[in-house]
K.L.:
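Have a look at the structure that comes next, please.
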2 protein chains.
Amino acid sequence: MLSAHEALAVVLQIRGGELCVLLWRRALPPCEGEWALPGGRLRADESLGASIRRQLAQKVDVRDLSHLEQLETRSDPERDPQRRTLATAYLGLVPAHIDPVVPDDTGWHPAADLPPMAFDHASIVRSGRRRLRSKLSYTNLGFALAPPEFTMSELSAHYRAALGHDVAATNLRRVLLRRGQIEETGRSVPSGRSGGRPAALFRFRARELEVTDAFAVLRPPVG
Amino acid sequence: MLSAHEALAVVLQIRGGELCVLLWRRALPPCEGEWALPGGRLRADESLGASIRRQLAQKVDVRDLSHLEQLETRSDPERDPQRRTLATAYLGLVPAHIDPVVPDDTGWHPAADLPPMAFDHASIVRSGRRRLRSKLSYTNLGFALAPPEFTMSELSAHYRAALGHDVAATNLRRVLLRRGQIEETGRSVPSGRSGGRPAALFRFRARELEVTDAFAVLRPPVG
DNA sequence: TCAAAAGTGTTCACCGTACACCCATGT
DNA sequence: ACATGGGTGTACGGTGAACACTTTTGA
(Lines give C-alpha, C1' and ligand atoms only; values in the text may rest on other atoms or scores of the structure.)
Protein backbone atom coordinates (compact mmCIF):
# COMPACT_ATOMS: atom_id res chain seq x y z
CA MET A 1 0.00 0.00 0.00
CA LEU A 2 0.93 3.63 -0.15
CA SER A 3 0.57 5.28 3.20
CA ALA A 4 1.37 8.61 4.72
CA HIS A 5 4.42 8.44 6.91
CA GLU A 6 5.56 10.95 9.47
CA ALA A 7 8.49 11.36 11.80
CA LEU A 8 7.86 12.52 15.37
CA ALA A 9 10.23 13.37 18.18
CA VAL A 10 10.06 13.10 21.94
CA VAL A 11 12.45 15.94 22.80
CA LEU A 12 13.36 15.85 26.47
CA GLN A 13 15.23 18.31 28.63
CA ILE A 14 15.74 18.79 32.35
CA ARG A 15 14.21 22.14 33.23
CA GLY A 16 13.86 23.37 36.78
CA GLY A 17 14.79 20.00 38.18
CA GLU A 18 12.04 18.32 36.19
CA LEU A 19 12.04 16.20 33.05
CA CYS A 20 10.15 18.13 30.36
CA VAL A 21 9.00 17.34 26.84
CA LEU A 22 8.65 19.74 23.91
CA LEU A 23 5.05 19.96 22.66
CA TRP A 24 3.05 22.20 20.37
CA ARG A 25 -0.63 23.02 20.55
CA ARG A 26 -2.76 22.02 17.60
CA ALA A 27 -4.84 24.91 16.29
CA LEU A 28 -6.82 22.87 13.77
CA PRO A 29 -8.70 19.56 13.77
CA PRO A 30 -8.17 16.75 14.28
CA CYS A 31 -7.41 16.99 17.98
CA GLU A 32 -7.80 20.76 17.95
CA GLY A 33 -6.47 22.32 21.11
CA GLU A 34 -4.61 19.22 22.18
CA TRP A 35 -0.85 18.98 22.44
CA ALA A 36 1.27 17.07 19.97
CA LEU A 37 4.82 15.99 19.39
CA PRO A 38 6.87 17.97 16.88
CA GLY A 39 7.34 16.34 13.50
CA GLY A 40 5.52 15.82 10.25
CA ARG A 41 5.46 14.27 6.85
CA LEU A 42 8.39 12.40 5.43
CA ARG A 43 9.56 13.73 2.08
CA ALA A 44 10.30 11.58 -0.92
CA ASP A 45 14.06 11.90 -0.87
CA GLU A 46 14.93 11.99 2.81
CA SER A 47 15.50 9.36 5.45
CA LEU A 48 13.46 9.41 8.64
CA GLY A 49 16.45 10.70 10.59
CA ALA A 50 16.97 13.53 8.15
CA SER A 51 13.26 14.26 8.18
CA ILE A 52 12.96 14.62 11.93
CA ARG A 53 16.05 16.84 12.01
CA ARG A 54 14.58 19.06 9.32
CA GLN A 55 11.25 19.34 11.07
CA LEU A 56 12.72 19.91 14.50
CA ALA A 57 14.66 22.81 13.03
CA GLN A 58 11.32 24.63 12.85
CA LYS A 59 10.87 24.25 16.61
CA VAL A 60 14.35 24.40 18.10
CA ASP A 61 17.88 24.96 16.92
CA VAL A 62 18.91 21.47 15.90
CA ARG A 63 22.45 22.20 17.05
CA ASP A 64 21.01 22.17 20.56
CA LEU A 65 20.19 18.48 20.21
CA SER A 66 22.81 16.45 22.04
CA HIS A 67 21.36 13.09 21.06
CA LEU A 68 18.83 11.62 18.66
CA GLU A 69 17.83 8.01 18.24
CA GLN A 70 14.96 6.08 16.76
CA LEU A 71 12.35 4.83 19.21
CA GLU A 72 9.66 2.86 17.42
CA THR A 73 7.11 2.96 14.63
CA ARG A 74 3.39 3.20 15.37
CA SER A 75 1.07 1.72 12.80
CA ASP A 76 -2.36 1.20 14.31
CA PRO A 77 -4.77 1.94 11.42
CA GLU A 78 -6.98 3.88 13.84
CA ARG A 79 -4.27 6.01 15.40
CA ASP A 80 -5.17 8.94 13.15
CA PRO A 81 -8.94 9.08 12.66
CA GLN A 82 -8.65 11.26 9.56
CA ARG A 83 -6.39 9.14 7.41
CA ARG A 84 -4.03 6.23 7.61
CA THR A 85 -0.72 7.50 8.98
CA LEU A 86 2.35 5.65 10.15
CA ALA A 87 4.60 7.45 12.57
CA THR A 88 8.21 6.72 13.42
CA ALA A 89 9.11 8.25 16.76
CA TYR A 90 12.55 9.50 17.76
CA LEU A 91 14.02 10.35 21.12
CA GLY A 92 15.85 13.69 21.21
CA LEU A 93 17.72 15.18 24.14
CA VAL A 94 18.72 18.77 24.90
CA PRO A 95 21.38 19.56 27.53
CA ALA A 96 20.18 21.26 30.67
CA HIS A 97 21.93 24.61 30.29
CA ILE A 98 20.29 25.59 27.00
CA ASP A 99 17.04 27.52 26.65
CA PRO A 100 16.12 27.22 22.99
CA VAL A 101 13.89 29.80 21.38
CA VAL A 102 10.61 28.09 20.48
CA PRO A 103 7.56 29.25 18.51
CA ASP A 104 4.51 30.69 20.25
CA ASP A 105 2.47 27.51 19.94
CA THR A 106 5.29 25.41 21.37
CA GLY A 107 6.47 24.86 24.91
CA TRP A 108 7.96 22.57 27.52
CA HIS A 109 5.69 20.42 29.66
CA PRO A 110 6.52 18.14 32.59
CA ALA A 111 6.85 14.66 31.14
CA ALA A 112 5.31 13.16 34.26
CA ASP A 113 2.17 15.32 34.04
CA LEU A 114 1.16 15.67 30.42
CA PRO A 115 -1.57 17.97 29.13
CA PRO A 116 -4.35 16.50 26.92
CA MET A 117 -2.42 14.90 24.07
CA ALA A 118 -3.34 14.30 20.45
CA PHE A 119 -3.45 10.85 18.83
CA ASP A 120 -1.21 8.31 20.58
CA HIS A 121 1.39 10.90 21.44
CA ALA A 122 1.07 10.48 25.21
CA SER A 123 2.07 6.85 25.01
CA ILE A 124 4.95 7.74 22.70
CA VAL A 125 6.24 10.14 25.34
CA ARG A 126 6.11 7.29 27.85
CA SER A 127 8.18 5.17 25.47
CA GLY A 128 10.75 7.92 25.29
CA ARG A 129 10.94 8.21 29.06
CA ARG A 130 11.43 4.47 29.41
CA ARG A 131 14.19 4.49 26.82
CA LEU A 132 15.99 7.38 28.53
CA ARG A 133 15.65 5.73 31.90
CA SER A 134 17.06 2.43 30.67
CA LYS A 135 19.96 3.89 28.78
CA LEU A 136 21.01 6.10 31.68
CA SER A 137 21.74 2.93 33.61
CA TYR A 138 23.98 1.10 31.15
CA THR A 139 25.31 3.80 28.80
CA ASN A 140 26.91 7.23 29.08
CA LEU A 141 23.70 8.92 27.92
CA GLY A 142 24.00 11.37 30.80
CA PHE A 143 26.26 13.40 28.52
CA ALA A 144 23.18 14.40 26.58
CA LEU A 145 21.33 15.73 29.62
CA ALA A 146 24.18 17.56 31.32
CA PRO A 147 25.79 20.87 30.41
CA PRO A 148 29.45 20.82 29.28
CA GLU A 149 30.67 21.19 32.86
CA PHE A 150 28.82 20.44 36.05
CA THR A 151 29.19 19.68 39.73
CA MET A 152 28.17 16.28 41.01
CA SER A 153 25.27 17.87 42.88
CA GLU A 154 23.92 19.27 39.66
CA LEU A 155 24.41 16.03 37.80
CA SER A 156 22.71 13.97 40.45
CA ALA A 157 19.76 16.37 40.34
CA HIS A 158 19.47 15.74 36.61
CA TYR A 159 19.61 12.00 37.10
CA ARG A 160 16.99 12.31 39.81
CA ALA A 161 14.68 14.17 37.45
CA ALA A 162 15.21 11.72 34.60
CA LEU A 163 14.97 8.54 36.68
CA GLY A 164 12.23 9.68 39.01
CA HIS A 165 14.01 8.63 42.15
CA ASP A 166 16.76 9.87 44.40
CA VAL A 167 20.36 9.49 43.20
CA ALA A 168 23.13 10.07 45.73
CA ALA A 169 25.78 12.39 44.30
CA THR A 170 28.55 10.66 46.22
CA ASN A 171 27.91 7.25 44.69
CA LEU A 172 27.03 8.58 41.25
CA ARG A 173 30.46 10.15 41.19
CA ARG A 174 32.18 6.89 41.93
CA VAL A 175 30.13 4.85 39.46
CA LEU A 176 30.60 7.25 36.56
CA LEU A 177 34.30 7.74 37.31
CA ARG A 178 34.92 4.02 37.52
CA ARG A 179 33.19 3.51 34.20
CA GLY A 180 35.27 6.26 32.66
CA GLN A 181 32.19 8.27 31.70
CA ILE A 182 33.21 11.48 33.44
CA GLU A 183 36.46 13.19 34.43
CA GLU A 184 37.47 16.16 36.56
CA THR A 185 38.12 19.41 34.74
CA GLY A 186 40.47 20.53 37.50
CA ARG A 187 38.40 23.64 38.11
CA SER A 188 35.83 24.20 40.80
CA VAL A 189 32.92 26.41 41.70
CA PRO A 190 33.12 28.79 44.69
CA SER A 191 30.72 28.02 47.48
CA GLY A 192 27.60 30.11 47.89
CA ARG A 193 26.52 32.52 50.58
CA SER A 194 25.81 29.77 53.05
CA GLY A 195 29.35 28.44 52.81
CA GLY A 196 30.38 24.89 52.15
CA ARG A 197 33.29 23.35 50.35
CA PRO A 198 33.69 24.43 46.71
CA ALA A 199 32.40 21.81 44.28
CA ALA A 200 34.71 20.32 41.68
CA LEU A 201 33.66 20.61 38.05
CA PHE A 202 33.34 17.50 35.92
CA ARG A 203 32.74 16.82 32.25
CA PHE A 204 31.69 13.80 30.23
CA ARG A 205 34.59 12.28 28.35
CA ALA A 206 32.53 11.41 25.28
CA ARG A 207 29.64 13.11 23.52
CA GLU A 208 28.62 10.02 21.60
CA LEU A 209 26.57 7.19 23.00
CA GLU A 210 28.70 4.41 24.43
CA VAL A 211 27.64 1.30 26.28
CA THR A 212 29.60 1.30 29.52
CA ASP A 213 27.97 -1.58 31.38
CA ALA A 214 27.28 -4.15 28.68
CA PHE A 215 26.34 -7.65 29.64
CA ALA A 216 26.52 -7.43 33.38
CA VAL A 217 25.32 -11.03 33.26
CA LEU A 218 25.95 -13.92 30.92
CA ARG A 219 29.17 -12.30 29.89
CA PRO A 220 31.85 -14.15 27.98
CA PRO A 221 34.35 -16.23 29.96
CA VAL A 222 37.61 -14.43 30.66
CA GLY A 223 39.73 -17.40 29.57
CA MET B 1 4.69 11.86 0.89
CA LEU B 2 3.15 8.54 0.04
CA SER B 3 5.70 5.76 0.22
CA ALA B 4 5.69 2.01 -0.03
CA HIS B 5 6.02 0.41 3.35
CA GLU B 6 6.90 -3.18 4.11
CA ALA B 7 7.27 -5.31 7.19
CA LEU B 8 10.23 -7.69 7.42
CA ALA B 9 11.16 -10.27 10.01
CA VAL B 10 14.43 -11.65 11.32
CA VAL B 11 13.18 -15.09 12.37
CA LEU B 12 15.80 -16.86 14.46
CA GLN B 13 15.99 -20.42 15.71
CA ILE B 14 18.69 -22.60 17.24
CA ARG B 15 19.27 -25.46 14.81
CA GLY B 16 22.04 -27.98 15.26
CA GLY B 17 23.65 -25.92 18.00
CA GLU B 18 23.81 -22.89 15.74
CA LEU B 19 21.78 -19.69 15.55
CA CYS B 20 19.99 -19.66 12.20
CA VAL B 21 17.87 -17.15 10.34
CA LEU B 22 14.98 -17.84 7.97
CA LEU B 23 15.66 -16.53 4.44
CA TRP B 24 14.15 -16.93 1.00
CA ARG B 25 15.92 -16.75 -2.33
CA ARG B 26 14.79 -14.03 -4.72
CA ALA B 27 13.96 -15.41 -8.16
CA LEU B 28 13.41 -12.01 -9.78
CA PRO B 29 15.23 -8.67 -9.90
CA PRO B 30 16.14 -6.62 -8.06
CA CYS B 31 18.75 -8.64 -6.21
CA GLU B 32 17.92 -11.76 -8.19
CA GLY B 33 19.46 -14.86 -6.67
CA GLU B 34 20.25 -13.13 -3.40
CA TRP B 35 18.68 -14.04 -0.10
CA ALA B 36 16.08 -11.88 1.61
CA LEU B 37 14.14 -11.62 4.83
CA PRO B 38 10.52 -12.78 4.78
CA GLY B 39 7.93 -10.03 4.67
CA GLY B 40 6.29 -7.69 2.23
CA ARG B 41 3.89 -4.85 1.66
CA LEU B 42 1.79 -3.40 4.39
CA ARG B 43 -1.94 -3.40 3.60
CA ALA B 44 -4.21 -0.44 4.08
CA ASP B 45 -6.11 -1.75 7.06
CA GLU B 46 -3.52 -3.65 9.07
CA SER B 47 -0.91 -2.69 11.60
CA LEU B 48 2.73 -3.57 11.03
CA GLY B 49 2.53 -6.32 13.63
CA ALA B 50 -0.51 -7.84 11.95
CA SER B 51 1.16 -7.49 8.59
CA ILE B 52 4.31 -9.35 9.51
CA ARG B 53 2.26 -12.12 11.13
CA ARG B 54 0.15 -12.46 8.00
CA GLN B 55 3.18 -12.60 5.75
CA LEU B 56 5.14 -14.96 7.93
CA ALA B 57 2.19 -17.33 7.74
CA GLN B 58 3.20 -17.94 4.14
CA LYS B 59 6.63 -19.13 5.28
CA VAL B 60 6.11 -20.83 8.60
CA ASP B 61 3.22 -21.73 10.85
CA VAL B 62 2.81 -18.55 12.85
CA ARG B 63 1.81 -20.61 15.87
CA ASP B 64 5.43 -21.73 15.96
CA LEU B 65 6.53 -18.18 16.77
CA SER B 66 7.30 -17.94 20.45
CA HIS B 67 8.11 -14.24 20.36
CA LEU B 68 7.77 -11.26 18.06
CA GLU B 69 8.89 -7.70 18.66
CA GLN B 70 9.60 -4.63 16.60
CA LEU B 71 13.25 -3.94 15.87
CA GLU B 72 13.62 -0.76 13.85
CA THR B 73 12.54 1.05 10.71
CA ARG B 74 14.93 1.51 7.79
CA SER B 75 14.34 4.53 5.60
CA ASP B 76 17.44 5.22 3.53
CA PRO B 77 16.05 6.48 0.18
CA GLU B 78 18.62 4.35 -1.61
CA ARG B 79 18.00 1.11 0.24
CA ASP B 80 15.82 -0.19 -2.58
CA PRO B 81 17.23 0.89 -5.95
CA GLN B 82 13.93 0.28 -7.74
CA ARG B 83 11.61 2.44 -5.71
CA ARG B 84 11.38 4.21 -2.43
CA THR B 85 10.52 1.67 0.24
CA LEU B 86 10.48 1.95 3.99
CA ALA B 87 10.88 -1.25 5.95
CA THR B 88 10.00 -1.95 9.55
CA ALA B 89 11.91 -4.96 10.82
CA TYR B 90 10.71 -7.38 13.47
CA LEU B 91 12.53 -9.98 15.50
CA GLY B 92 10.79 -13.37 15.60
CA LEU B 93 11.88 -16.42 17.53
CA VAL B 94 11.04 -20.10 17.08
CA PRO B 95 11.70 -22.62 19.87
CA ALA B 96 14.41 -25.14 19.25
CA HIS B 97 12.34 -28.32 19.11
CA ILE B 98 10.18 -27.29 16.16
CA ASP B 99 10.98 -27.95 12.51
CA PRO B 100 8.49 -25.83 10.57
CA VAL B 101 7.59 -26.76 7.02
CA VAL B 102 8.93 -24.05 4.73
CA PRO B 103 8.50 -23.38 1.00
CA ASP B 104 11.07 -24.58 -1.53
CA ASP B 105 12.67 -21.17 -1.95
CA THR B 106 13.02 -20.73 1.81
CA GLY B 107 15.50 -22.11 4.27
CA TRP B 108 17.54 -21.67 7.43
CA HIS B 109 21.02 -20.16 7.25
CA PRO B 110 23.63 -19.70 9.97
CA ALA B 111 23.20 -16.15 11.25
CA ALA B 112 26.95 -15.84 11.72
CA ASP B 113 27.73 -16.77 8.13
CA LEU B 114 25.15 -15.20 5.84
CA PRO B 115 24.83 -15.89 2.12
CA PRO B 116 24.76 -12.93 -0.32
CA MET B 117 21.89 -10.81 0.95
CA ALA B 118 19.50 -8.48 -0.83
CA PHE B 119 19.15 -4.79 0.02
CA ASP B 120 20.16 -3.94 3.59
CA HIS B 121 18.89 -7.23 4.93
CA ALA B 122 22.28 -8.43 6.17
CA SER B 123 22.60 -5.48 8.51
CA ILE B 124 19.02 -6.01 9.70
CA VAL B 125 19.93 -9.57 10.64
CA ARG B 126 22.82 -8.20 12.66
CA SER B 127 20.41 -5.87 14.46
CA GLY B 128 18.24 -8.83 15.32
CA ARG B 129 21.17 -10.80 16.67
CA ARG B 130 22.22 -7.86 18.84
CA ARG B 131 18.72 -7.48 20.21
CA LEU B 132 18.47 -11.17 21.04
CA ARG B 133 21.86 -11.14 22.68
CA SER B 134 21.05 -8.15 24.85
CA LYS B 135 17.65 -9.34 25.95
CA LEU B 136 18.93 -12.78 26.89
CA SER B 137 21.04 -11.10 29.53
CA TYR B 138 18.40 -9.05 31.32
CA THR B 139 15.06 -10.67 30.44
CA ASN B 140 13.58 -14.17 30.37
CA LEU B 141 13.74 -14.26 26.57
CA GLY B 142 15.33 -17.72 26.76
CA PHE B 143 11.77 -19.07 26.94
CA ALA B 144 11.41 -18.24 23.26
CA LEU B 145 14.47 -20.24 22.23
CA ALA B 146 13.98 -23.29 24.41
CA PRO B 147 11.52 -26.15 23.99
CA PRO B 148 8.78 -26.56 26.64
CA GLU B 149 11.03 -28.79 28.74
CA PHE B 150 14.79 -29.05 28.67
CA THR B 151 17.84 -30.10 30.61
CA MET B 152 20.34 -27.50 31.70
CA SER B 153 22.89 -28.91 29.27
CA GLU B 154 20.51 -28.35 26.39
CA LEU B 155 19.62 -24.87 27.56
CA SER B 156 23.22 -23.83 27.98
CA ALA B 157 23.94 -25.08 24.44
CA HIS B 158 21.15 -22.81 23.17
CA TYR B 159 22.50 -19.85 25.08
CA ARG B 160 25.95 -20.63 23.73
CA ALA B 161 24.64 -20.58 20.18
CA ALA B 162 22.70 -17.36 20.67
CA LEU B 163 25.39 -15.48 22.58
CA GLY B 164 28.35 -16.76 20.63
CA HIS B 165 30.38 -17.71 23.65
CA ASP B 166 30.52 -20.50 26.18
CA VAL B 167 27.87 -20.59 28.91
CA ALA B 168 28.45 -22.91 31.85
CA ALA B 169 25.33 -24.97 32.56
CA THR B 170 26.03 -25.05 36.27
CA ASN B 171 26.01 -21.29 36.68
CA LEU B 172 23.23 -20.69 34.18
CA ARG B 173 21.06 -22.92 36.31
CA ARG B 174 21.73 -20.88 39.41
CA VAL B 175 21.23 -17.52 37.73
CA LEU B 176 17.95 -18.42 36.07
CA LEU B 177 16.61 -20.16 39.18
CA ARG B 178 17.50 -17.23 41.39
CA ARG B 179 15.73 -14.87 39.03
CA GLY B 180 12.68 -17.08 39.00
CA GLN B 181 12.85 -17.57 35.24
CA ILE B 182 12.92 -21.37 35.29
CA GLU B 183 11.67 -24.13 37.59
CA GLU B 184 12.13 -27.88 37.88
CA THR B 185 9.41 -30.02 36.38
CA GLY B 186 10.23 -32.83 38.81
CA ARG B 187 10.90 -35.20 35.95
CA SER B 188 14.25 -36.19 34.54
CA VAL B 189 15.84 -37.71 31.48
CA PRO B 190 17.59 -41.10 31.65
CA SER B 191 21.27 -41.01 30.98
CA GLY B 192 22.58 -42.17 27.62
CA ARG B 193 24.73 -45.13 26.64
CA SER B 194 27.84 -43.58 28.07
CA GLY B 195 26.27 -43.29 31.51
CA GLY B 196 26.14 -40.27 33.68
CA ARG B 197 23.65 -38.95 36.13
CA PRO B 198 20.15 -38.39 34.74
CA ALA B 199 19.45 -34.76 33.97
CA ALA B 200 16.56 -32.95 35.62
CA LEU B 201 14.00 -31.34 33.33
CA PHE B 202 13.25 -27.65 33.66
CA ARG B 203 10.72 -25.31 32.16
CA PHE B 204 10.39 -21.55 31.89
CA ARG B 205 7.80 -20.17 34.29
CA ALA B 206 6.52 -17.57 31.86
CA ARG B 207 6.03 -17.50 28.13
CA GLU B 208 5.79 -13.75 27.93
CA LEU B 209 8.72 -11.37 27.94
CA GLU B 210 9.61 -10.18 31.44
CA VAL B 211 12.50 -8.05 32.56
CA THR B 212 14.22 -9.97 35.33
CA ASP B 213 17.33 -7.88 35.87
CA ALA B 214 16.07 -4.33 35.50
CA PHE B 215 18.26 -1.49 36.60
CA ALA B 216 21.22 -3.36 37.91
CA VAL B 217 22.71 0.08 38.41
CA LEU B 218 21.24 3.41 39.41
CA ARG B 219 18.38 1.60 41.02
CA PRO B 220 15.98 3.31 43.39
CA PRO B 221 17.00 3.56 47.07
CA VAL B 222 15.54 0.80 49.22
CA GLY B 223 14.42 3.24 51.93
C1' DT C 1 35.11 -50.48 39.42
C1' DC C 2 35.47 -46.97 36.24
C1' DA C 3 34.02 -43.34 33.10
C1' DA C 4 30.71 -39.91 32.19
C1' DA C 5 27.48 -36.46 32.99
C1' DA C 6 24.69 -33.79 36.38
C1' DG C 7 24.47 -31.23 40.38
C1' DT C 8 26.38 -28.92 44.87
C1' DG C 9 29.48 -26.26 47.68
C1' DT C 10 32.75 -22.90 48.03
C1' DT C 11 35.67 -19.24 46.91
C1' DC C 12 36.62 -15.13 44.72
C1' DA C 13 36.31 -10.62 42.60
C1' DC C 14 33.56 -6.97 41.60
C1' DC C 15 29.91 -3.68 41.95
C1' DG C 16 26.60 -0.45 43.81
C1' DT C 17 24.61 1.28 48.08
C1' DA C 18 24.63 3.18 52.55
C1' DC C 19 26.56 5.79 55.93
C1' DA C 20 29.95 7.61 59.01
C1' DC C 21 33.45 10.75 58.85
C1' DC C 22 36.64 14.39 57.12
C1' DC C 23 37.54 18.77 54.33
C1' DA C 24 37.04 23.49 52.68
C1' DT C 25 34.61 27.58 52.74
C1' DG C 26 31.45 31.73 54.30
C1' DT C 27 29.55 34.16 58.14
C1' DA D 1 33.61 28.75 66.20
C1' DC D 2 30.13 26.81 63.56
C1' DA D 3 27.03 25.83 59.94
C1' DT D 4 26.97 24.19 55.28
C1' DG D 5 27.75 21.54 51.46
C1' DG D 6 31.42 18.63 49.05
C1' DG D 7 34.37 14.63 49.21
C1' DT D 8 36.57 10.23 51.16
C1' DG D 9 36.72 5.78 53.53
C1' DT D 10 34.66 1.77 54.55
C1' DA D 11 31.52 -1.90 55.32
C1' DC D 12 27.82 -4.61 53.57
C1' DG D 13 24.93 -7.36 50.59
C1' DG D 14 24.33 -9.26 46.30
C1' DT D 15 25.81 -11.33 41.98
C1' DG D 16 28.11 -14.05 38.55
C1' DA D 17 32.25 -16.79 37.32
C1' DA D 18 35.33 -20.40 38.30
C1' DC D 19 36.36 -24.72 39.95
C1' DA D 20 36.76 -28.56 43.06
C1' DC D 21 33.96 -32.04 44.73
C1' DT D 22 29.95 -35.21 45.15
C1' DT D 23 26.11 -37.86 43.18
C1' DT D 24 24.00 -40.90 39.98
C1' DT D 25 23.95 -43.53 36.27
C1' DG D 26 25.72 -47.18 32.32
C1' DA D 27 29.07 -50.43 30.92
Side-chain angles (χ1 to χ4, degrees), chain A residues 134 136-140 142 149-160 163 165-202 211-223, chain B residues 136-140 142 149-157 159-160 163 165-202 211-223:
Chain A
S134 302
L136 278 180
S137 85
Y138 68 94
T139 74
N140 66 341
E149 300 194 348
F150 47 84
T151 66
M152 289 312 301
S153 298
E154 292 161 2
L155 189 65
S156 73
H158 297 155
Y159 273 73
R160 184 175 309 119
L163 294 175
H165 63 73
D166 208 41
V167 178
T170 178
N171 290 326
L172 184 64
R173 171 202 187 99
R174 242 184 306 238
V175 169
L176 298 188
L177 278 174
R178 187 192 302 161
R179 294 182 174 180
Q181 287 190 24
I182 62 174
E183 63 190 1
E184 281 194 80
T185 66
R187 302 194 297 117
S188 61
V189 159
S191 43
R193 271 185 294 285
S194 57
R197 181 168 166 173
L201 282 171
F202 292 80
V211 175
T212 58
D213 192 34
F215 301 112
V217 297
L218 302 182
R219 54 177 171 270
V222 294
Chain B
L136 278 180
S137 85
Y138 68 92
T139 74
N140 65 342
E149 299 194 348
F150 47 84
T151 67
M152 288 313 300
S153 297
E154 291 161 2
L155 189 65
S156 74
Y159 273 73
R160 183 176 310 120
L163 294 175
H165 63 74
D166 208 42
V167 177
T170 177
N171 288 327
L172 185 65
R173 171 203 186 99
R174 244 185 303 237
V175 170
L176 298 188
L177 277 174
R178 186 191 301 160
R179 293 182 174 181
Q181 287 190 26
I182 61 174
E183 62 189 2
E184 281 194 79
T185 65
R187 302 194 299 117
S188 62
V189 159
S191 44
R193 270 186 297 282
S194 58
R197 179 168 168 171
L201 282 172
F202 292 79
V211 175
T212 58
D213 193 34
F215 301 112
V217 297
L218 302 182
R219 54 178 173 269
V222 294

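Per chain, numbering begins at 1; letters A, B, ... match sequence-line order. What's counted below: heavy atoms across the whole structure, side chains too, no hydrogens, waters or symmetry copies.
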K.L.:
Quick check for you: to the nearest 0.5 Å, what is the distance between A:Ser156 atom OG and A:Asp166 atom CG?
P.N.:
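The CG atom of A:Asp166 is 7.5 Å from OG of A:Ser156, to the nearest 0.5 Å.
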K.L.:
Just N and O in the side chain of A:Arg197: are any of them under 4.0 Å from OP1 or OP2 of C:dG26?
P.N.:
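False: A:Arg197 side-chain N/O out of range (4.0 Å or more) of C:dG26 OP1/OP2.
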K.L.:
With side-chain contact (heavy atoms from CB on, under 4.5 Å) as the test, would you mind laying out the steps for A:Arg173 and A:Glu184 before giving the verdict?
P.N.:
CA-CA 10 Å; A:Arg173 171 202 187 99; A:Glu184 281 194 80; 4.2 Å; yes
K.L.:
Heavy atoms under 4.0 Å, any strand shown: does A:Ala168 hit a base, just sugar-phosphate, or nothing?
P.N.:
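Since no nucleic acid heavy atom lies under 4.0 Å of A:Ala168, the category is nothing.
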K.L.:
Between C1' on C:dG7 and CG on B:Leu155, what's the gap in Å once rounded to a whole number?
P.N.:
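Those two atoms, CG and C1', are 15 Å apart.
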K.L.:
Could you state the CG-P distance from B:Leu177 to D:dG16, rounded to the nearest angstrom?
P.N.:
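That distance rounds to 12 Å.
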K.L.:
Please check the phosphate of C:dG16 (OP1 and OP2 only) for any side-chain N or O of A:Arg179 closer than 4.0 Å.
P.N.:
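Yes, such a contact exists.
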K.L.:
Any side-chain N or O of B:Arg174 below 4.0 angstrom from OP1/OP2 of C:dG9?
P.N.:
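So the side-chain polar atoms of B:Arg174 never come under 4.0 Å of the phosphate oxygens OP1 or OP2 of C:dG9.
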K.L.:
If you assign A:Thr170 and A:Gly196 each to the DNA chain D nucleotide with the nearest heavy atom, which residue ends up on the more 5' nucleotide?
P.N.:
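Mapping each residue to its closest nucleotide by heavy atoms, the 5'-most match is A:Gly196.
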K.L.:
For the pair B:Gln181 (side chain) and B:Thr139 (backbone), establish whether a donor and an acceptor sit closer than 3.5 Å, ignoring hydrogens and angles.
P.N.:
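Present.
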K.L.:
Would you mind reading off the distance between B:Arg193 atom CZ and C:dA5 atom C1', rounded to a whole angstrom?
P.N.:
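Interatomic distance, CZ of B:Arg193 to C1' of C:dA5: 15 Å.
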K.L.:
It should be established whether A:Arg173 places a side-chain nitrogen or oxygen under 4.0 Å from OP1 or OP2 of nucleotide D:dT8.
P.N.:
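Looking at the OP1 and OP2 atoms of D:dT8, one of them is under 4.0 Å from a side-chain N or O of A:Arg173.
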K.L.:
Does B:Pro198 offer a backbone N or O that forms a donor-acceptor pair with the side chain of B:Ser191 under 3.5 Å?
P.N.:
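No, B:Ser191 side chain to B:Pro198 backbone: no donor-acceptor pair under 3.5 Å.
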K.L.:
Grab the CG-P distance between B:Leu176 and D:dA17 for me, whole Å please.
P.N.:
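It is 10 Å, rounded to the nearest whole Å.
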K.L.:
Are any of B:Ser153's side-chain N or O atoms less than 4.0 Å away from OP1 or OP2 of C:dA5?
P.N.:
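No, no such contact exists.
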K.L.:
Roughly how many Å is it from OH in A:Tyr159 to C1' in C:dG16, rounded to a whole number?
P.N.:
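Distance check: A:Tyr159 OH to C:dG16 C1' gives 14 Å.
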K.L.:
Once you round it to whole Å, what is the distance between P of D:dG6 and CD of A:Glu154?
P.N.:
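Taking CD of A:Glu154 and P of D:dG6, I get 9 Å after rounding.
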K.L.:
Of A:Ser194 and A:Arg178, whose nearest nucleotide on DNA chain C comes first from the 5' end?
P.N.:
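On the 5' side of the pair lies A:Arg178.
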K.L.:
To the nearest Å, give me how far apart CZ (B:Phe150) and P (C:dA6) are.
P.N.:
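Those two atoms, CZ and P, are 14 Å apart.
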K.L.:
Let me know the distance between CE of B:Met152 and C1' of C:dT8, rounded to the nearest Å.
P.N.:
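After rounding, the gap between these two atoms is 14 Å.
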K.L.:
Indicate, with a heavy-atom threshold strictly under 4.0 Å, whether B:Ala169 touches base, sugar-phosphate, or nothing.
P.N.:
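Touches nothing.
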K.L.:
Kindly point out which of C:dC19, D:dT25, D:dG6 is positioned nearest to the side chain of A:Asn171?
P.N.:
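Of all the options, the side chain of A:Asn171 is nearest to C:dC19.
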K.L.:
Is a side-chain donor or acceptor of B:Ser188 paired with a backbone partner of B:Ala200 at a separation under 3.5 angstrom?
P.N.:
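It does not hold such a pair.
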